Structure formats: structure tokens, C-alpha cells
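Here the structure is laid out as C-alpha cells; the discussion comes afterwards.
Because the structure is a prediction, the values reported are computed rather than measured. Throughout, a chain's letter reflects where its sequence line sits, starting with A, and its residues are numbered from 1.
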2 protein chains.
Amino acid sequence: MSAPAVRRTRAKRGSGDLLREEIVVAAKRLLAEADRADDVPMRAVADAVGVTTPSIYLHFADKQELLGAVVADVFGELDAAMVEAAAEETTPLGRLRAFGLAYVRFALDHPEHYRLAMLEPCPKPNIEIDEVLHSSAFSHMQSTVEECVAAGIFRGEPRAITFEMWAAAHGVAALMIAKPYLPFGTAEDFADRTLCAAAIGHAVRALVGDDPTPDAMTEWLGQQRS
Amino acid sequence: MSAPAVRRTRAKRGSGDLLREEIVVAAKRLLAEADRADDVPMRAVADAVGVTTPSIYLHFADKQELLGAVVADVFGELDAAMVEAAAEETTPLGRLRAFGLAYVRFALDHPEHYRLAMLEPCPKPNIEIDEVLHSSAFSHMQSTVEECVAAGIFRGEPRAITFEMWAAAHGVAALMIAKPYLPFGTAEDFADRTLCAAAIGHAVRALVGDDPTPDAMTEWLGQQRS
DNA sequence: CCGGATAAGTTAGCGACGCTAAGTTAGTGG
DNA sequence: CCACTAACTTAGCGTCGCTAACTTATCCGG
């Protein structure tokens, strides 16, 4: 604990930003080992980099901002995992499913990072986060939804549909992270069932009627079954 | 800030538990006004009750335990809101929808309480919390799902289906709380769309096939549309 | 080669936090 | 009326995020 730590050699004149990157990497690593962001003191981050605490504040206004930088990094990683998972898929719906499963898998593989990015309150709407959010993982998902709309699988506003799918994936991930001891079954099964239901459900809702009341749904299901 | 606070009169001999209840109520109120549990110091709770900080530790081992007691209370309130919302509904699916909408509504009306109960890590699986979780809101939802199964609307293991519906509702609530600035539209619309899709989707999945691949789904949808 | 100017750190410490050890006050059974 | 103990309080420890003020190393112009 609290190793004396090797004092790192001072950065060259022009490039104090080297430290910034080292701090983010160290913070991300320490976060992965902790249960909560509060369990990673700034002092520990400084120690891991081989520097004293106040040096961090030369690069980040406060802890929140450092965590924000980590989150931006995490979103990049999430996007990469999703894109890779969908690379082999040849159909829009197949890609969407791969995206969703990779999303949940990533969240459960990096629960602390996911919590930080998606479960923690975001005091001042972090511009850096939302840029990433809109530019990478989310926009990839949205364009796949657009493909589904173009293919006639979905109908409606792509962004709204993307939010629906995202909510389903997020619901599974957040639930399994927050209540890991509940008998959800395997993450893959739970996620696949829920995501599949979300996709089919959206596609079918248009068939049932524009404003599907519970009664209309029940009646439609009865007709289908016969 | 930090009002001197009226010193409360000492409790009678037998009933130190009076203080316990006062502490929970005060903590719950302060939590509602804060963004995060960290913004509610034990000192503030003590102050609100008119007592000094160490007195709290006569009734709760630590802050976590106090928050756990608040969460137990919150789950009770959530269940009451759900039951009330579904009271007028006459069909299983109608009740399920009312439950889901009331769930999301409650979460957004009490975001700090909901975050504490469902978004915060739960270090030692809190027995008190999970008893409530299993006994009230969740079990009400599950028995409605059972009704849907009995009515032939759903098919499968009720508990697993309940988890699916819960994930959908939780996804909407958690997303809107964590990223309130994103253009989800109104909570009612977003929740209704997502929950409706989850319900229809689950019901329809059985019609598509036992193991619905994206391709099978696409094909089935094509048939339905013609 | 050298002597500011300044980037890149450090030392020391403030106030707030969760929590605890040890003391104090007030009802109550004998 | 007194000993006992439930129901508190006073004082303070260690840790946290963060800051003011000092120090050191590098670069650049002469």
C-alpha cells in the first residue's frame, strides 16, 4: 500500500502534456481495481505516476475533470469493442444485435469504468463526454438503426429508436452491475433476450397500430396465435 | 448553512429507537435536496435531527447502513406508487404497463433516492434492501407477469420475463437520470414506447421461433408486412 | 557560456469528511 | 436516595480534495 513510488523524471520544457496522459492512464488502471471512484484518491493517482498530488491540478481543474478524461477514453474503448464485434455481421439487424451484446459485455467486463461513464451523476454536462457519446459508440449504433429503417425493418425516427435500443442495453448492463447477486442467468442470454425483444417489439408495434393500447395488443396477439 | 439547530429533547429511557426513525427521515429529506449521497454529511443529518454526530452511530454502524435504511424506505414508497397506479387497471397487460410507467415516473420524481437504491454499488449485499426488493415492488410486478403468462400473452419463466421488463424500465429511468440533457422526449412517451416494445417483443419472440436469429426475425417481419 | 524568464514541479497545510474513544447527563428500579 | 445504565456529548484521529507559496530545471537571447 501507498508505495514510496519511483519519482518520475521531470518532463521536458515543451511537453508537460506527457504527464497528463500518464495521469489518465494511471487513474483508469486504479479505477479498474476499485469499486468506486471515491476509493481512488488523488494521492494514489499521483503516487502511481511518481509525482506529488498538486501536480495533477496543473493538468486537471479537479477530480471530476480527471474522471471526465478517463470516461472519454472509456467511450473510445467501448466504441472500438462494438465496432469489432459487428465487423463480421452482414445484415443491419445482425450488426445491431452484435452492437448491443458487445455493449453489455463491455459494461460487465469494465464495471467500474461503465459506472463512471453511465451511472454516475454528471454535474456540469461534460462537453468532452458528450462529444464522444455523440461521435462514436452512439452514432455507430444510430447509423445501424438507420440501415434498419432503410431496410424496412424499423419505422420511425432513427434517433428515438436508437434511444430505445440503448435503454434496453443499458437496462441490462446497469441492472447486472448494480445487483450482481440476482439470478439473471448469463449476461449473454439476458442481454440477447432483452435486446431481441426490444428490436422485435419496436418493429411489431407499427403493425399493431399507431397507438397500441394494452387491449389492442392483447387482441392482436390473439389473432396472431390463431 | 449549518444552522445551530434546536437541540432535541433526550429520548425516554426505553425508546432510543425514536431517534433512529428521526434520523432516517432527516437523511431521506436531505438526500432529496442533494445530487449525491456524498453531499449529505453525517454531520448535516445529525444537525437536522438536533443531535451530535456520534449519536447516529448508536443506531447505525456506518453511513452505508443509514443509507440502506433510507433505501428500504424508498422501495416501500416505490411499491406504493406502483400499486396505486395499477389499481384502476382491469387487464394484466394494462397493470403491467401502469407498473412500468409508475416505476419510471417515481424514479424521475425522486432521482437521488432512485440512484441510491438502484445505481449505487451495493458493497455488502444489503439484506434489508433485497428483502424489500423481493417482497414488494418486484414481486408485485412478477405476479402481474404471471397473470400475463396465465392469460397466454407471455410464455416462459415468469421471473425471467419480469427481469426483462424491469431492465427496460430501469434502462429508461437510469438513462434519463444520468443524461438528462439528451433529447429523449417526455419521460412518459419514452417509457411507454420502450416498455411497450419490451412487452410486445417478448410476446412475439415465441411466434418467430425458439431461437430467433436476426435473419429469422427479418424474414418473419417481411411475411407479416405482406 | 551565462543569466534571467518561466515551465514543471514540491512542501506545507486548510477545512471537511467518516468515524471512535472516553466522558457526561438523566431517567429508573431497588 | 442511590447505584446503574441508556442516551447522549466532547474532543480528536486519520484521510480526503484542493490551494498558496516556494523551488528547481530547462530554454533562449546576448
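Rounded to an integer number of Å, the gap from CG of B:Asp38 to C1' of C:dC17 is 10 Å. Taking atom CD1 of A:Ile23 as the reference point, atom C1' of C:dA8 lies 12 Å away to the nearest angstrom. D:dT15 atom C1' lies 12 Å from atom CG of A:Asp39, rounded to whole Å. One can place OH of B:Tyr57 at 18 Å from C1' of D:dA7, the figure rounded to the nearest angstrom. Look at CG on B:Asp62: it is 8 Å from P on C:dT20, rounded to the nearest Å. Here D:dT10 presents its P atom at 15 Å from CD1 of B:Ile56, a figure rounded to the nearest Å. Between the CZ atom of A:Arg20 and the P atom of C:dA8 there is a distance of 14 Å, rounded to whole Å. Here D:dT19 presents its P atom at 11 Å from CG of A:Leu58, a figure rounded to the nearest Å.
Between A:Trp166 and A:Phe138, the ring planes are tilted. Angles from 30° to 60° get that label.
Where A:Arg43 and A:Thr53 meet DNA chain C, the nucleotide closest to each residue was compared, and A:Thr53 sits on the side nearer the 5' end. When the nearest nucleotides of DNA chain C are assigned to B:Pro41 and B:Ala61 by heavy-atom distance, the more 5′-ward of the two goes with B:Pro41.
Using a 4.0 Å heavy-atom distance criterion, B:Pro54 is classed as a base contact.
For D:dT9, the OP1/OP2 oxygens have a side-chain nitrogen or oxygen of B:Ser55 closer than 4.0 Å.
Legend: residues meeting salt bridge (Lys or Arg N to Asp or Glu O under 4.0 Å) with B:Glu21, ordered by chain and number and at least two apart, are absent. Residues satisfying the salt bridge (Lys or Arg N to Asp or Glu O under 4.0 Å) criterion with B:Arg10, sequence neighbours excluded, are absent altogether.
Few gaps surround CD on B:Glu188; more than 12 heavy atoms of other groups in view lie less than 6.0 Å from it. The environment of B:Glu33 atom CD is dense: over 12 non-hydrogen atoms of other residues, nucleotides or ligands sit within 6.0 angstrom.
Candidate nucleotides D:dC18, C:dC19, C:dG9 were compared by shortest atom distance to the side chain of A:Lys63, and D:dC18 ranks first. In the set D:dC18, C:dT20, D:dC8, the nucleotide with an atom closest to the side chain of A:Met42 is D:dC18.
Taking only distance into account, the side chain of B:Arg10 never meets the base of C:dA26 through a donor-acceptor pair shorter than 3.5 Å.
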